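Beneath this line is the structure, given in structure tokens, with notes to follow.
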Amino acid sequence: MLTLRKIRENKENVIRGLEKRGWSADRLTIVDQIIALDDKRKETQTSLDQHLSDINRISKEIGGLFKSGKGDEANALKSKISDIKEISSTLESTQKGVLAELDELLLSVPNVPHDTVPAGVTEDDNEIAEHWTGDLPDLGDDALPHWELAKQYNLIDFELGTKITGSGFPLYRGQGAKLQRALISFFLDEASEAGYEEVMPPLLVNADTARATGQLPDKEGQMYYAEKDDLYLIPTAEVPVTNIYRDVIISEDDFPIKLTGHTPCFRREAGSYGSDVKGLNRVHQFDKVEIVQIAHPDRSYDVLTEMVDHVKQLLEKLELPYRILRLCGGDLGFTSALTFDFEVYSAAQKKWLEVSSVSNFETFQSNRLKLRYKDGNGKKHLAHTLNGSALALARIVASLLENHQTTEGIVIPKALVPYTKFEIIK
RNA sequence: GGAGGAGUGGCAGAGCGGUUGAAUGCACCGGUCUUGAAAACCGGCAUACUGAGAGGUAUCGGGGGUUCGAAUCCCUCCUCCUCCGCCA
């Protein structure tokens with residue numbers, strides 16, 4: 001959520017940003033609506049405060065009068081107060097309405113894109129920031145897509161997953177299950193080595209938590225919901241991990257805060273069908289290692305680069321061809337100011353699969369989180385939050401199986417062998 | 001799941017209807033003293049909104065209520081502790 005201060009003080013900048021996201025002039029009037037509503041909020045509050053102040057003052061007088069035995073005078077003041085109370089309670093309910101409306105408008109405004117975000121509408125307008133320099137692997141026509149390989153080597157049983165739960169819940173078995181475990185350990189170790197503290201958060205979160213990172217109310221339909229307990233299954237570790245710092249004021253020397261965690265991720269993906277959801281391309285449950293940083297505003301873009309480099313290095317160790325996209329305004333997530341997507345090439349499908357998304361949210365999340373830091377003068381400011389997948393398993397597995405298939409079997413990348421403890425899947 | 005107890009500032013802990021945003025201690029920051037440090041002493045030390053400022057308003061787990069007035073009384077939800085039950 002943008003701060004009112006940002007909207008008021010950098011109105012033109014906000015508008016330019018929203019235009020980059022493809023907002024029409026019509027829609028942009030929301031900015032002025034917000035400012036007008038905020039004016040009303042201030043005005044109402046000032047008036048309300050004045051009346052409350054009167055009530056407080058008179059109440060104290062009444063207290064004094066009762067003490068000194070002047071009950072009659074006190075009772076006279078009581079009737080005077082009831083008029084003021086009537087006005088103040090009207091103002092109060094007006095203010096409640098204003099605040100609710102203001103909140104609703106603010107929640108509907110996405111983050112302002114960074115200057116380097118290209119204009120554009122769809123994913124076709126994303127800018128390729130970096131591209132695999134070698135040739136893309138050409139496996140010939142005999143190459144099998146990962147779901148065939150999974151079946152051939154008995155790594156993943158999609159039908160069993162469907163039987164037990166439903167479609168999109170694959171069951172990994174044998175070397176497939178071990179490969180999952182190996183990847184998770186590998187990613188976590190790499191993150192630890194890069195200075196991230198490992199955490200294992202809860203997989204169900206409450207509404208306050210989901211709201212703070214922006215899943216509610218925006219992406220309500222994306223999450224599984226346990227109604228009886230009013231809890232949501234996490235769509236990403238970002239949600240519980242970032243919320244560690246909800247309502248926290250840190251000191252400036254605490255920067256940088258680096259956290260990593262592995263969790264299963266649950267996504268309803270309602271309305272997705274077709275070849276996009278074939279095999280592991282899009283599933284309802286997958287494992288992911290997430291990296292999260294809380295950074296000083298002056299440093300957050302350096303941190304973003306650092307995180308991008310971290311992910312890059314993982315893909316190189318896994319020997320997977322990848323490219324990095326700088327998302328355009330139209331494709332940028334609601335809460336993000338700048339996002340780099342990583343895609344790996346899945347050589348049998350001849351498709352690029354998104355396996356990571358690394359973003360700087362600037363203060364968009366921290367505003368809702370109320371995550372602040374104290375500077376040297378004891379002044380409080382919102383911190384910047386960033387996160388990235390490092391990495392998302394299901395699609396990595398898909399790409400890994402496809403790219404590394406040989407007539408002998410599927411060759412495990414060298415970096416991963418210490419974790420799988422086998423060099424080839426036969 | 002059942003019965004009982006409790007939730008106050010960074011921490012500990014008073015207050016249980018009337019200048020209490022909240023005693024006191026510890027921690028922390030600044031100062032005096034000291035060659036330096038410690039001790040001692042003096043001062044400061046929650047968050048948010050609002051105002052040029054003085055100040056005003058709100059917040060004592062969350063929400064609602066009673067009252068002229070609530071940290072203090074009532075209702076409700078949440079969390080923690082103790083006992084019982086269940087259990088990886």
Side-chain angles (χ1 to χ4, degrees), chain A residues 1-9 34-107 200-212 216 225-232 240 243-254 257 264 363 365-383:
Chain A
M1 188 162 71
L2 294 178
T3 59
L4 277 164
R5 169 184 289 250
K6 187 164 188 167
I7 293 173
R8 297 195 82 109
E9 291 178 4
I34 286 172
I35 292 173
L37 206 52
D38 188 44
D39 288 339
K40 183 162 186 204
R41 184 202 115 240
K42 283 189 193 180
E43 188 189 314
T44 311
Q45 191 66 48
T46 305
S47 172
L48 174 62
D49 284 355
Q50 184 55 52
H51 286 90
L52 290 176
S53 171
D54 288 346
I55 292 171
N56 285 342
R57 199 193 66 246
I58 295 170
S59 292
K60 272 175 193 164
E61 275 176 45
I62 292 174
L65 288 171
F66 273 125
K67 254 185 192 164
S68 50
K70 296 175 187 161
D72 293 347
E73 289 181 41
N75 284 319
L77 281 177
K78 275 195 198 181
S79 63
K80 187 173 162 192
I81 236 173
S82 76
D83 294 342
I84 308 176
K85 278 192 85 169
E86 206 169 302
I87 300 169
S88 78
S89 65
T90 307
L91 284 169
E92 213 165 315
S93 67
T94 304
Q95 186 69 330
K96 236 184 189 168
V98 169
L99 288 173
E101 206 181 324
L102 189 57
D103 205 42
E104 200 187 316
L105 288 181
L106 281 171
L107 284 174
M200 231 190 227
L203 306 181
L204 280 84
V205 295
N206 58 36
D208 283 343
T209 292
R211 206 171 291 120
L216 290 181
Y225 175 55
E227 190 171 9
K228 201 160 188 179
D229 298 288
D230 194 20
L231 295 171
Y232 298 84
N243 268 275
I244 293 172
Y245 284 92
R246 172 153 52 89
D247 289 318
V248 170
I249 299 175
I250 60 175
S251 128
E252 206 170 14
D253 343 305
D254 292 337
I257 292 169
T363 60
Q365 282 186 330
S366 58
N367 185 33
R368 266 201 246 182
L369 285 162
K370 295 200 173 59
L371 160 53
R372 289 159 293 176
Y373 71 94
K374 244 185 222 183
D375 69 18
N377 303 318
K379 275 207 148 235
K380 286 154 204 85
H381 312 272
L382 293 172

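Letters A, B, ... are given to chains in the order of the sequence lines, protein chains preceding strands, and every chain is numbered from 1. Note that these values count all heavy atoms, side chains included, but never hydrogens, waters or copies made by symmetry. Every value quoted in this text rests on a predicted model; they were computed, and no experiment measured them.
Of all nucleotides present, only B:U50 satisfies the Watson-Crick or G-U wobble test against B:G55, with each distance under 3.5 Å. Base pairing analysis places B:A14 opposite nothing; no Watson-Crick or G-U wobble pair with both distances below 3.5 Å involves it. B:C41: Watson-Crick or G-U partner is B:G31, with both key distances under 3.5 Å. In this structure, B:G69 forms no base pair with any nucleotide, since neither Watson-Crick nor G-U wobble geometry is met with both distances under 3.5 Å. Applying the Watson-Crick and G-U wobble criteria (two distances, each under 3.5 Å), B:A3 pairs with B:U82.
Of the C1' atoms belonging to B:U72 and B:A23, the separation is 15 Å, rounded to the nearest Å. B:A37 and B:C45: their P atoms are spaced 25 Å apart (whole Å). Nucleotides B:A12 and B:U8 have their C1' atoms positioned 12 Å apart, rounded to a whole Å. Taking atom C1' in both B:G17 and B:C29, one finds a spacing of 37 Å when rounded to whole Å. Separating the C1' atom of B:U79 from that of B:C42 is a span of 41 Å, rounded to the nearest Å. Using C1' as the reference atom, B:A71 and B:C60 are 5 Å apart when rounded to the nearest Å. Across the P atoms, B:C80 and B:A70 are found 30 Å apart, a figure rounded to whole Å. For the C1' atoms, the distance linking B:G69 with B:U57 amounts to 16 Å, nearest Å.
Pairing each heavy atom of A:I257 with each of A:D254, the nearest pair is CG1-O, 3.4 Å. The two residues A:L91 and A:S47 make their nearest non-hydrogen contact at CD1-OG, 3.3 Å. The heavy-atom pair separating A:L48 from A:S88 by the smallest distance is CD1-O, 3.4 Å.
Atom CD1 of A:I87 and atom P of B:U57 are 17 Å apart (whole Å). Atom CG of A:D208 and atom C1' of B:U79 are 13 Å apart (whole Å). With rounding to whole Å, A:D247 atom CG is found 17 Å from B:U79 atom P. In this structure, the NZ atom of A:K370 is 12 Å from the C1' atom of B:U59, given to the nearest Å. Taking atom CD of A:E43 as the reference point, atom P of B:G51 lies 12 Å away to the nearest angstrom.
Ionic pairing of A:E61 and A:R57 is present here: one or more N-O contacts between side-chain nitrogen and carboxylate oxygen are shorter than 4.0 angstrom.
Side-chain contact between A:L77 and A:K80 is present, with heavy atoms from C-beta onward closer than 4.5 Å.
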Intermediate values then yes/no, side chain to side chain donor-acceptor pair (under 3.5 Å), A:N56 and A:S53: CA-CA 5 Å; A:N56 285 342; A:S53 171; over 6 Å; no
Run A:N206 and A:Y232 through side chain to side chain donor-acceptor pair (under 3.5 Å) and show every step you take. CA-CA 6 Å; A:N206 58 36; A:Y232 298 84; over 6 Å; no
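A donor-acceptor pair is defined here as one N or O able to donate and one able to accept, closer than 3.5 Å; no such pair exists between the side chain of A:T44 and the backbone of A:Q95.
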A correct 5'-to-3' footprint of nucleotides 43-50 of chain B, with B, S and - meaning base, sugar-phosphate only and no protein heavy atom under 4.0 Å, is ----SSSS
Base-contact (B) and sugar-phosphate-only (S) positions in nucleotides 63-70 of chain B, heavy-atom cut-off under 4.0 Å, - elsewhere: -S---BS-
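If you find the closest nucleotide of RNA chain B to A:L52 and to A:G64, the one lying nearer the 5' end belongs to A:G64.
Applying the salt bridge (charged side-chain N to carboxylate O under 4.0 Å, His left out) test to residues at least two apart or on different chains, the pairs with a partner in residues 36-45 of chain A are A:R8-A:D38, A:R8-A:D39, A:D38-A:R41.
Counted within 6.0 Å of CD on A:E252, heavy atoms from surrounding residues, nucleotides or ligands total more than 12; the atom is thus considered enclosed.
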